[in-house]
S.K.: 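So that we are looking at the same thing, I have put the structure below in structure tokens.
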Protein chains: 2
Amino acid sequence: MDNNKMETGGHGNGGASSGGERKRGIDRVIMLLEALLKRREPARVGDIAKMINAPRSTTYEIVNSLLEAEMLENVGSEGHVYFGRAMHLFGWAYGHHNAHYRRVIENMEAMGAETGETAQLCGLRGNKYVVLDCRDSPGPFRISSDVGVEVPVPWTASGRLLLGHMTDDEIRAFIPREDYRLPDGRVIAESDFLAEIAEARVRGYSETSGLADRFTWCMAAPIPDARGIVSHTLCFVLPVDTPIGRREELLALLRERARSLSLSGN
Amino acid sequence: MDNNKMETGGHGNGGASSGGERKRGIDRVIMLLEALLKRREPARVGDIAKMINAPRSTTYEIVNSLLEAEMLENVGSEGHVYFGRAMHLFGWAYGHHNAHYRRVIENMEAMGAETGETAQLCGLRGNKYVVLDCRDSPGPFRISSDVGVEVPVPWTASGRLLLGHMTDDEIRAFIPREDYRLPDGRVIAESDFLAEIAEARVRGYSETSGLADRFTWCMAAPIPDARGIVSHTLCFVLPVDTPIGRREELLALLRERARSLSLSGN
DNA sequence: GCGATTTGTCTGATATTTCAGACGATATAT
DNA sequence: ATATATCGTCTGAAATATCAGACAAATCGC
């Protein structure tokens with residue numbers, strides 16, 4: 001009945017797919033957690049079994065182990081489970097062990113607080129763009145985004161910076177063709193994309209608008225790591241109609257902060 | 001050499017120890033992550049193998065799987081590994097799926113920002129107290145604490161609230177004897193501890209000083225869950241010499257905020 | 001109310017994964 | 001420079017964790 005497993009590429013375990021092979025517990029755990037992350041809401045064991053293509057009995061076994069370790073926890077009274085407290089602690093440890101990363105986050109939060117705009121820290125996860133952390137603008141109607149949701153790289157301003165260290169051929173190999181198709185159906189020409197990456201590299205920033213959606217203006221500035229590779233970016237996500245003066249002001253702030261966080265020479 | 005397996009109650013696997021039995025991959029993963037959390041810094045594979053009592057070859061296998069999934073990541077160039085980005089994303093998802101938890105965190109941050117004091121969100125993890133999140137006071141010398149570090153319950157103000165739903169016998173069974181011994185060698189009498197829990201329950205807050213260390217004054221207020229059980233507390237950690245007027249002011253704020261976050265009746 | 005689906009738990013068999021140990025290469029110490 | 005310890009990778013064999021399926025109880029749908 002179902003044959004089109006067309007795994008689009010994804011990072012990490014890659015393949016997944018396939019039907020009834022016996023799989024290792026660890027791999028199932030990894031798939032389970034990633035599936036929950038994608039789904040972004042609690043799931044029942046039966047659903048999880050389907051999501052990761054595992055036998056129900058095995059899934060129960062695994063889920064129970066993870067529950068006991070508090071890596072998952074029960075949500076509600078309908079047998080739903082979601083990430084548990086242990087995950088919070090592990091994640092916190094990740095975010096704090098590294099003084100540089102901590103400074104980056106603090107800066108992002110400060111920028112958000114000072115300007116009242118939505119500020120984000122972004123990076124690559126596999127061949128997708130993800131928001132690693134964010135500081136949403138206040139107010140009843142706000143532009144916000146979920147941390148951890150994977151988005152095709154060509155849809156984003158940050159993406160143009162994050163690929164800056166690759167050659168054109170590498171980029172061509174890296175980005176799946178379908179990722180050039182925007183949500184509204186338009187398709188970005190690969191050559192344009194490559195040109196924009198080159199331009200972002202020399203300018204030291206990138207701006208886009210009307211790509212992933214119609215109502216945002218995104219600006220991103222690179223935070224190169226010690227080797228000079230842009231592993232993270234700092235961004236503002238503004239309403240499209242933000243006046244140009246304000247935009248220039250914010251861009252200047254963004255670039256200055258990102259530069260101060262750079263680990264490469266200067 | 002080691003014979004006291006006295007499972008003290010703790011959560012999850014607890015003891016670790018034991019000799020050369022064959023263990024399941026999942027369990028090894030859980031032990032590995034908890035060991036890394038306790039250690040609070042990157043470790044080499046060889047060290048990890050020792051920490052979790054696993055054969056080296058197995059440990060390599062597991063670590064490599066987790067690295068590929070970005071649940072761990074390489075740190076430095078000496079073969080150290082620590083939590084990876086995926087953990088950050090999972091932890092973020094944990095912290096945001098639940099509107100109530102999100103409100104609690106926001107409140108804690110606001111309290112920290114408004115007062116300039118160290119504010120914490122605390123809870124139980126197994127039979128130990130842990131800081132679940134915190135907002136450290138600014139300034140060059142600050143009182144701060146690490147999220148996720150487990151501390152004996154009797155050393156803390158929050159602990160006296162978090163056990164409020166238990167009977168004396170349950171508490172006696174729950175808290176290991178050795179947890180009544182403070183870092184400086186003094187021992188809290190069990191009867192005193194029980195009395196303080198009862199007192200905290202009727203007063204609706206708890207204060208301690210000079211327990212876990214000599215220089216802090218801690219105050220905690222309960223956040224009951226829907227069943228009325230105090231699953232979390234909000235705390236301030238102040239310098240001991242904070243004047244009483246200021247302390248009262250902060251305590252009032254703390255109690256008011258905690259009450260507003262309560263899920264039980266009112 | 002009754003049939004259909006789903007849930008959570010068990011069981012036994014076997015395909016797999018863990019484990020011990022060996023190996024050369026690399027670091028650390030004397 | 002030589003000895004010692006550790007690193008990272010492989011291998012075969014044995015122990016066992018995963019799997020399919022059965023089951024009763026709970027839930028759903030109408």
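Note on naming: letters A, B, ... go to the chains in the order of the sequence lines (proteins, then strands), and numbering restarts at 1 for each one.
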S.K.: Without decimals, in angstroms, what is the distance between Leu67(A) CG and dT9(C) P?
M.R.: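 In whole Å, dT9(C) P and Leu67(A) CG are 11 Å from each other.
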S.K.: Using only atom types and a distance under 3.5 Å, with no angle test, would you say the side chain of His88(B) pairs donor to acceptor with the backbone of Leu132(A)?
M.R.: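 Yes: the side chain of His88(B) pairs with the backbone of Leu132(A).
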S.K.: Nearest whole angstrom, please: distance from the C1' of dT6(C) to the NE2 of His80(A).
M.R.: 13 Å
S.K.: Looking at Glu150(B) and Arg125(B), is any side-chain nitrogen of the basic one under 4.0 Å from a carboxylate oxygen of the acidic one?
M.R.: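 Between Glu150(B) and Arg125(B) there is a salt bridge, with a charged N closer than 4.0 Å to a carboxylate O.
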S.K.: Sub-3.5 Å donor-acceptor pair from the side chain of His97(A) to the main-chain atoms of Tyr94(A), do we have one?
M.R.: yes
S.K.: Going by an N to O cut-off under 4.0 Å, is there a salt bridge joining Arg85(B) and Glu73(B)?
M.R.: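 The answer is no: the pair does not qualify as a salt bridge.
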S.K.: Please verify the inter-ring angle class for Phe90(A) with Phe83(B); under 30° counts as parallel, over 60° as perpendicular, anything in between as tilted.
M.R.: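 Parallel: the ring planes of Phe90(A) and Phe83(B) meet at under 30°.
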S.K.: Take atom CG of Asp27(B) and atom P of dT16(D), then tell me their distance rounded to the nearest Å.
M.R.: 13 Å
S.K.: Can you tell me how far C1' of dG8(D) sits from CZ of Arg44(B), to the nearest Å?
M.R.: 13 Å
S.K.: Can you work out whether Lys50(A) or Ile26(A) has the more 5'-proximal nearest nucleotide on DNA chain C?
M.R.: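 First, find each residue's nearest nucleotide; the 5'-ward one identifies Lys50(A).
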S.K.: Rounded off to whole Å, could you give me the CG-to-P distance for the Asn53(B) and dC19(C) pair?
M.R.: 11 Å
S.K.: Would a distance-only check, ignoring hydrogens and angles, find a side-chain to backbone donor-acceptor pair under 3.5 Å from Arg160(B) to Thr156(B)?
M.R.: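 Flag set: sc Arg160(B) to bb Thr156(B) pair under 3.5 Å.
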S.K.: Please report, rounded to the nearest Å, how far the P atom of dT16(C) is from the CZ atom of Arg24(A).
M.R.: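 These atoms are roughly 13 Å apart.
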S.K.: Measure the distance from CG on Leu32(A) to P on dT18(D) and round it to the nearest whole Å.
M.R.: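 That distance rounds to 13 Å.
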S.K.: Toward the 5' end of DNA chain D, which comes first, Gly25(B) or Gly79(B), by nearest nucleotide?
M.R.: Gly79(B)
S.K.: Could you tell me the separation between the CG atom of Asn74(B) and the P atom of dC7(D), rounded to a whole number of Å?
M.R.: 14 Å
S.K.: Going 5' to 3' along nucleotides 9-15 of chain D, which nucleotides have protein heavy atoms under 4.0 Å from the base (write B), which only from the sugar-phosphate (write S), and which from neither (write -)?
M.R.: BB---BB
S.K.: Got a second to check how far Lys23(A)'s NZ is from Thr58(A)'s OG1, nearest 0.5 Å?
M.R.: 11.5 Å
S.K.: Could you tell me the separation between the CD1 atom of Ile26(A) and the CG atom of Asn64(B), rounded to the nearest 0.5 Å?
M.R.: 10.5 Å
S.K.: Kindly say if Arg28(A) contacts the phosphate of dA17(D), meaning a side-chain N or O under 4.0 Å from OP1 or OP2.
M.R.: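 For dA17(D), neither OP1 nor OP2 has a side-chain N or O of Arg28(A) closer than 4.0 Å.
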S.K.: Under 3.5 Å, is there a donor-acceptor pair between the side chain of Arg28(A) and the main chain of Asn53(A)?
M.R.: yes
S.K.: Any N/O pairs under 3.5 Å between the protein and nucleotides 27-30 of chain D? List them or say none.
M.R.:
none

